[in-house]
Protein chains: 2
Amino acid sequence: MQTNEALDIEGTANVLKLLGDKTRLTMVKIMSEHECCVCEFVDLFDMSQPAISQHLRKLKDSGIVNEARRGQWIFYSLNQTSPYHSFIQTVIKDLPSQAFKVEELTAQGKRICCD
Amino acid sequence: MQTNEALDIEGTANVLKLLGDKTRLTMVKIMSEHECCVCEFVDLFDMSQPAISQHLRKLKDSGIVNEARRGQWIFYSLNQTSPYHSFIQTVIKDLPSQAFKVEELTAQGKRICCD
DNA sequence: CCAACATATAACCAAATGCTTATGTGTTTA
DNA sequence: TAAACACATAAGCATTTGGTTATATGTTGG
(Lines give C-alpha, C1' and ligand atoms only; values in the text may rest on other atoms or scores of the structure.)
Protein backbone atom coordinates (compact mmCIF):
# COMPACT_ATOMS: atom_id res chain seq x y z
CA MET A 1 0.00 0.00 0.00
CA GLN A 2 1.35 3.36 -1.00
CA THR A 3 2.21 5.89 1.66
CA ASN A 4 1.76 9.62 1.34
CA GLU A 5 3.82 11.92 3.50
CA ALA A 6 2.91 14.77 5.74
CA LEU A 7 -0.82 14.97 5.22
CA ASP A 8 -2.22 17.40 7.73
CA ILE A 9 -5.70 16.91 9.05
CA GLU A 10 -7.08 20.30 8.14
CA GLY A 11 -5.87 20.28 4.55
CA THR A 12 -7.00 16.72 4.07
CA ALA A 13 -10.43 17.52 5.46
CA ASN A 14 -10.72 20.34 2.93
CA VAL A 15 -9.84 18.02 0.06
CA LEU A 16 -12.29 15.41 1.32
CA LYS A 17 -15.01 18.03 1.56
CA LEU A 18 -14.42 18.88 -2.09
CA LEU A 19 -14.56 15.21 -3.04
CA GLY A 20 -17.62 14.72 -0.85
CA ASP A 21 -19.93 15.90 -3.57
CA LYS A 22 -21.20 13.41 -6.12
CA THR A 23 -20.72 15.75 -9.06
CA ARG A 24 -17.18 16.79 -8.14
CA LEU A 25 -16.15 13.26 -7.21
CA THR A 26 -17.34 12.04 -10.62
CA MET A 27 -15.56 14.92 -12.33
CA VAL A 28 -12.31 14.03 -10.60
CA LYS A 29 -12.68 10.37 -11.53
CA ILE A 30 -13.32 11.37 -15.15
CA MET A 31 -10.30 13.68 -15.16
CA SER A 32 -8.16 10.86 -13.82
CA GLU A 33 -8.98 9.01 -17.04
CA HIS A 34 -9.46 11.81 -19.58
CA GLU A 35 -8.78 15.49 -19.81
CA CYS A 36 -12.09 17.29 -20.26
CA CYS A 37 -13.37 20.70 -21.21
CA VAL A 38 -16.31 22.47 -19.65
CA CYS A 39 -18.80 21.81 -22.43
CA GLU A 40 -18.10 18.10 -22.18
CA PHE A 41 -18.90 18.15 -18.48
CA VAL A 42 -22.06 20.06 -19.29
CA ASP A 43 -23.05 17.26 -21.65
CA LEU A 44 -22.17 14.62 -19.07
CA PHE A 45 -24.08 16.06 -16.14
CA ASP A 46 -27.68 17.13 -15.99
CA MET A 47 -26.73 20.56 -14.82
CA SER A 48 -26.31 24.10 -16.14
CA GLN A 49 -23.02 25.42 -17.49
CA PRO A 50 -22.54 27.87 -14.59
CA ALA A 51 -23.03 25.05 -12.08
CA ILE A 52 -20.30 23.07 -13.82
CA SER A 53 -18.02 26.10 -13.91
CA GLN A 54 -18.49 26.70 -10.21
CA HIS A 55 -17.59 23.13 -9.31
CA LEU A 56 -14.48 23.36 -11.48
CA ARG A 57 -13.55 26.65 -9.88
CA LYS A 58 -13.60 25.11 -6.42
CA LEU A 59 -11.38 22.29 -7.61
CA LYS A 60 -9.04 24.79 -9.26
CA ASP A 61 -8.92 27.13 -6.26
CA SER A 62 -7.86 24.23 -4.08
CA GLY A 63 -5.05 23.34 -6.48
CA ILE A 64 -6.51 19.93 -7.26
CA VAL A 65 -6.96 20.61 -10.97
CA ASN A 66 -5.26 22.59 -13.71
CA GLU A 67 -6.91 24.55 -16.45
CA ALA A 68 -5.44 25.05 -19.89
CA ARG A 69 -7.00 27.10 -22.61
CA ARG A 70 -6.75 25.64 -26.07
CA GLY A 71 -8.47 27.88 -28.54
CA GLN A 72 -12.07 28.33 -27.61
CA TRP A 73 -12.00 25.66 -24.99
CA ILE A 74 -10.61 25.39 -21.52
CA PHE A 75 -9.48 21.92 -20.57
CA TYR A 76 -9.34 20.71 -17.02
CA SER A 77 -7.09 17.97 -15.74
CA LEU A 78 -5.80 16.68 -12.43
CA ASN A 79 -2.87 18.73 -11.13
CA GLN A 80 -0.16 16.14 -10.72
CA THR A 81 1.99 18.53 -8.72
CA SER A 82 -0.62 19.04 -6.01
CA PRO A 83 0.57 17.82 -2.62
CA TYR A 84 -2.69 15.90 -2.50
CA HIS A 85 -2.41 14.30 -5.92
CA SER A 86 -1.38 10.84 -4.85
CA PHE A 87 -3.81 10.98 -1.96
CA ILE A 88 -6.61 11.74 -4.38
CA GLN A 89 -5.53 8.91 -6.66
CA THR A 90 -5.75 6.60 -3.69
CA VAL A 91 -9.21 7.84 -2.80
CA ILE A 92 -10.70 7.43 -6.29
CA LYS A 93 -8.80 4.30 -7.18
CA ASP A 94 -11.65 1.83 -6.63
CA LEU A 95 -14.47 3.96 -7.96
CA PRO A 96 -16.08 2.59 -11.11
CA SER A 97 -14.45 3.82 -14.29
CA GLN A 98 -16.32 6.66 -15.96
CA ALA A 99 -14.65 6.04 -19.31
CA PHE A 100 -17.91 4.78 -20.77
CA LYS A 101 -19.41 8.23 -20.35
CA VAL A 102 -16.68 9.82 -22.38
CA GLU A 103 -17.09 7.07 -24.95
CA GLU A 104 -20.76 7.92 -25.23
CA LEU A 105 -19.78 11.51 -25.91
CA THR A 106 -17.46 10.35 -28.66
CA ALA A 107 -20.22 8.19 -30.14
CA GLN A 108 -22.49 11.23 -30.21
CA GLY A 109 -19.79 13.30 -31.88
CA LYS A 110 -19.71 15.60 -28.87
CA ARG A 111 -16.16 14.91 -27.84
CA ILE A 112 -13.85 17.91 -28.16
CA CYS A 113 -10.42 17.29 -29.55
CA CYS A 114 -7.81 19.94 -30.25
CA ASP A 115 -5.14 17.99 -32.07
CA MET B 1 -1.77 -1.15 -2.73
CA GLN B 2 -4.95 -2.57 -1.33
CA THR B 3 -8.03 -2.73 -3.50
CA ASN B 4 -11.57 -2.26 -2.28
CA GLU B 5 -14.41 -3.74 -4.26
CA ALA B 6 -17.60 -2.30 -5.57
CA LEU B 7 -17.41 1.23 -4.27
CA ASP B 8 -20.21 3.22 -5.81
CA ILE B 9 -19.75 6.90 -6.45
CA GLU B 10 -22.76 8.13 -4.53
CA GLY B 11 -22.07 6.15 -1.37
CA THR B 12 -18.41 7.04 -1.49
CA ALA B 13 -19.25 10.72 -1.89
CA ASN B 14 -21.44 10.51 1.21
CA VAL B 15 -18.63 8.95 3.22
CA LEU B 16 -16.18 11.57 1.97
CA LYS B 17 -18.59 14.34 2.91
CA LEU B 18 -18.68 12.97 6.45
CA LEU B 19 -14.89 12.79 6.56
CA GLY B 20 -14.65 16.25 5.00
CA ASP B 21 -15.07 17.93 8.36
CA LYS B 22 -12.02 18.53 10.49
CA THR B 23 -13.71 17.46 13.71
CA ARG B 24 -15.17 14.24 12.32
CA LEU B 25 -12.00 13.36 10.43
CA THR B 26 -10.01 13.75 13.64
CA MET B 27 -12.57 11.69 15.54
CA VAL B 28 -12.32 8.89 13.00
CA LYS B 29 -8.53 8.95 13.16
CA ILE B 30 -8.69 8.81 16.95
CA MET B 31 -11.13 5.90 16.85
CA SER B 32 -8.85 4.05 14.47
CA GLU B 33 -6.31 4.09 17.30
CA HIS B 34 -8.45 4.03 20.45
CA GLU B 35 -12.04 3.43 21.34
CA CYS B 36 -13.46 6.59 22.88
CA CYS B 37 -16.48 7.70 24.81
CA VAL B 38 -18.33 10.96 24.36
CA CYS B 39 -16.92 12.75 27.39
CA GLU B 40 -13.39 12.05 26.17
CA PHE B 41 -14.18 13.64 22.83
CA VAL B 42 -15.65 16.60 24.70
CA ASP B 43 -12.34 16.97 26.52
CA LEU B 44 -10.38 16.63 23.28
CA PHE B 45 -12.30 19.18 21.24
CA ASP B 46 -13.12 22.74 22.11
CA MET B 47 -16.78 22.14 21.56
CA SER B 48 -19.98 21.52 23.51
CA GLN B 49 -21.18 18.03 24.37
CA PRO B 50 -24.23 18.25 22.06
CA ALA B 51 -21.99 19.25 19.16
CA ILE B 52 -19.87 16.16 19.78
CA SER B 53 -22.97 13.98 20.05
CA GLN B 54 -24.29 15.30 16.77
CA HIS B 55 -21.07 14.52 14.93
CA LEU B 56 -21.06 11.02 16.39
CA ARG B 57 -24.67 10.53 15.39
CA LYS B 58 -23.89 11.32 11.77
CA LEU B 59 -21.06 8.83 11.81
CA LYS B 60 -23.30 6.24 13.44
CA ASP B 61 -26.23 6.84 11.08
CA SER B 62 -23.95 6.22 8.12
CA GLY B 63 -22.77 2.94 9.61
CA ILE B 64 -19.17 4.12 9.92
CA VAL B 65 -19.01 3.73 13.70
CA ASN B 66 -20.48 1.51 16.39
CA GLU B 67 -21.68 2.55 19.77
CA ALA B 68 -21.56 0.35 22.84
CA ARG B 69 -22.88 1.31 26.22
CA ARG B 70 -20.73 0.26 29.15
CA GLY B 71 -22.25 1.43 32.37
CA GLN B 72 -22.63 5.15 32.36
CA TRP B 73 -20.59 5.62 29.25
CA ILE B 74 -21.18 5.05 25.58
CA PHE B 75 -18.08 4.09 23.65
CA TYR B 76 -17.66 4.72 19.98
CA SER B 77 -15.43 2.74 17.67
CA LEU B 78 -14.99 2.18 13.95
CA ASN B 79 -17.45 -0.33 12.56
CA GLN B 80 -15.22 -2.93 11.01
CA THR B 81 -18.13 -4.53 9.18
CA SER B 82 -19.01 -1.38 7.28
CA PRO B 83 -18.62 -1.82 3.53
CA TYR B 84 -16.53 1.35 3.67
CA HIS B 85 -14.28 0.28 6.51
CA SER B 86 -11.20 -0.58 4.49
CA PHE B 87 -11.78 2.45 2.29
CA ILE B 88 -11.81 4.67 5.36
CA GLN B 89 -8.65 3.04 6.67
CA THR B 90 -7.00 3.86 3.37
CA VAL B 91 -8.15 7.47 3.54
CA ILE B 92 -6.92 8.12 7.08
CA LYS B 93 -3.80 6.00 6.84
CA ASP B 94 -1.32 8.84 6.39
CA LEU B 95 -2.90 11.34 8.72
CA PRO B 96 -0.78 12.18 11.74
CA SER B 97 -1.43 9.91 14.70
CA GLN B 98 -3.70 11.43 17.32
CA ALA B 99 -2.52 9.05 20.01
CA PHE B 100 -0.73 11.87 21.81
CA LYS B 101 -4.09 13.49 22.51
CA VAL B 102 -5.40 10.41 24.22
CA GLU B 103 -2.14 10.18 26.14
CA GLU B 104 -2.66 13.72 27.36
CA LEU B 105 -6.08 12.69 28.60
CA THR B 106 -4.52 9.79 30.46
CA ALA B 107 -1.90 12.10 31.98
CA GLN B 108 -4.69 14.36 33.20
CA GLY B 109 -6.54 11.41 34.68
CA LYS B 110 -9.44 12.05 32.32
CA ARG B 111 -9.23 8.80 30.44
CA ILE B 112 -12.25 6.55 30.92
CA CYS B 113 -11.59 2.87 31.38
CA CYS B 114 -14.21 0.22 32.06
CA ASP B 115 -12.11 -2.84 32.79
C1' DC C 1 -15.77 44.04 -37.05
C1' DC C 2 -19.51 41.25 -35.82
C1' DA C 3 -21.98 37.00 -34.85
C1' DA C 4 -21.56 32.65 -32.69
C1' DC C 5 -19.59 29.96 -29.36
C1' DA C 6 -17.21 28.68 -24.82
C1' DT C 7 -16.61 29.95 -20.37
C1' DA C 8 -16.73 32.92 -16.15
C1' DT C 9 -18.91 35.84 -12.96
C1' DA C 10 -22.70 38.09 -10.39
C1' DA C 11 -26.81 38.08 -7.93
C1' DC C 12 -30.16 35.52 -5.86
C1' DC C 13 -32.40 31.76 -3.29
C1' DA C 14 -33.66 27.36 -0.92
C1' DA C 15 -31.73 23.74 1.53
C1' DA C 16 -28.16 21.83 4.29
C1' DT C 17 -24.70 22.34 7.87
C1' DG C 18 -22.75 23.06 12.33
C1' DC C 19 -22.96 25.29 16.15
C1' DT C 20 -25.56 27.06 20.43
C1' DT C 21 -28.79 26.67 24.69
C1' DA C 22 -32.39 24.16 26.93
C1' DT C 23 -34.21 19.98 28.18
C1' DG C 24 -35.12 14.91 28.16
C1' DT C 25 -33.44 10.05 29.07
C1' DG C 26 -30.79 6.39 31.04
C1' DT C 27 -27.40 4.79 34.66
C1' DT C 28 -25.01 4.85 39.02
C1' DT C 29 -24.51 5.76 43.75
C1' DA C 30 -25.33 7.36 48.29
C1' DT D 1 -35.43 7.15 45.69
C1' DA D 2 -33.12 11.33 44.76
C1' DA D 3 -28.94 13.56 43.23
C1' DA D 4 -25.18 13.39 40.08
C1' DC D 5 -23.40 12.10 35.91
C1' DA D 6 -23.23 10.81 30.79
C1' DC D 7 -25.39 11.29 26.77
C1' DA D 8 -29.21 12.35 23.36
C1' DT D 9 -32.57 15.22 21.42
C1' DA D 10 -35.04 19.50 20.24
C1' DA D 11 -35.27 24.05 18.76
C1' DG D 12 -33.20 28.12 17.08
C1' DC D 13 -29.87 30.57 14.32
C1' DA D 14 -25.97 32.15 11.35
C1' DT D 15 -23.23 30.46 7.70
C1' DT D 16 -22.22 27.63 3.85
C1' DT D 17 -23.48 25.19 -0.12
C1' DG D 18 -25.16 24.22 -4.59
C1' DG D 19 -28.20 25.29 -7.71
C1' DT D 20 -30.65 28.87 -10.78
C1' DT D 21 -30.99 32.97 -14.31
C1' DA D 22 -28.82 36.95 -16.28
C1' DT D 23 -24.89 38.95 -17.99
C1' DA D 24 -19.90 39.77 -18.92
C1' DT D 25 -15.53 38.21 -21.07
C1' DG D 26 -12.61 35.95 -24.27
C1' DT D 27 -11.95 33.44 -28.81
C1' DT D 28 -12.91 32.15 -33.58
C1' DG D 29 -14.53 32.57 -38.28
C1' DG D 30 -17.02 34.90 -41.99
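Since this is a predicted model, take the numbers as computed values, not measurements. Lettering follows sequence order; numbering is per chain, from 1.
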*Quick one: label B:Lys17 by what it contacts on the DNA or RNA (base, sugar-phosphate, nothing), any heavy atom closer than 4.0 Å.*
sugar-phosphate

*Counting only heavy atoms not in A:Asp61, do more than 12 fall under 6.0 Å of its CG?*
yes

*Are the side chain of A:Gln98 and the backbone N or O of A:Pro96 linked by a donor-acceptor pair below 3.5 Å?*
yes

*Rounding to a whole Å, what distance do you find between A:Lys60:NZ and C:dT9:C1'?*
12 Å

*Do any side-chain nitrogens or oxygens of B:Arg24 fall under 4.0 Å of OP1 or OP2 in C:dG18?*
yes

*asked:* Can you measure B:Asp61 atom CG to D:dT9 atom P for me and round it to whole angstrom units?
replied: 9 Å

*Of the candidate nucleotides C:dC19, C:dA8, D:dA8, which contains the atom at the shortest distance from the side chain of B:Gln49?*
D:dA8

_Rounded to whole Å, how long is the line connecting atom CD of B:Gln72 with atom C1' of D:dA8?_
15 Å

*With the side chain of B:Trp73 defined as its heavy atoms from C-beta on, choose the nearest nucleotide among C:dT7, D:dA6, D:dG18.*
D:dA6

*So, is B:Arg57 close to the D:dT9 phosphate, meaning a side-chain N or O under 4.0 Å from OP1 or OP2?*
yes

*Nearest-angstrom distance from the residue atom CD of A:Glu67 to C1' of D:dG26*: 12 Å

*Given atom CG of A:Asp46 and atom P of D:dG19, what is their separation to the nearest angstrom?*
11 Å

_When you compare the side chain of A:Asp43 with that of A:Gln108, does any pair of heavy atoms fall below 4.5 Å?_
no

*Atom-pair distance (CD1 on B:Ile52; P on D:dC7), nearest Å*: 11 Å

*Is the backbone of B:Val42 close enough, under 3.5 Å, to the side chain of B:Gln49 for a donor and an acceptor to pair up by distance?*
no

*asked:* Counting only side-chain nitrogens and oxygens, does A:Tyr76 get under 4.0 Å of the OP1 or OP2 atom of C:dA6?
replied: no

*asked:* Determine whether a donor-acceptor pair (one donor, one acceptor, N or O, separation below 3.5 Å) exists between the side chain of A:Gln54 and the base of D:dT20.
replied: yes

*asked:* Expressed as a whole number of angstroms, how long is the span from B:Phe41:CZ to D:dA8:P?
replied: 11 Å

*asked:* Taking the minimum atom-to-atom distance to the side chain of A:Arg69, which one of D:dT20, D:dG26, D:dC7 wins?
replied: D:dG26

*Between A:Phe87 and B:Asp94, is any pair of side-chain heavy atoms under 4.5 Å apart?*
no

*Sugar-phosphate, base or nothing in reach of B:Lys58, heavy atoms under 4.0 Å*: sugar-phosphate

*Rounding to a whole Å, what distance do you find between A:Lys22:NZ and C:dA16:C1'?*
18 Å

*Is the phosphate of C:dT20, meaning OP1 or OP2, less than 4.0 Å from a side-chain N or O of B:Ser48?*
yes

_Side chain of A:Pro50, heavy atoms from C-beta onward: which of D:dC7, C:dT20, C:dA8 has the nearest atom to it?_
C:dA8

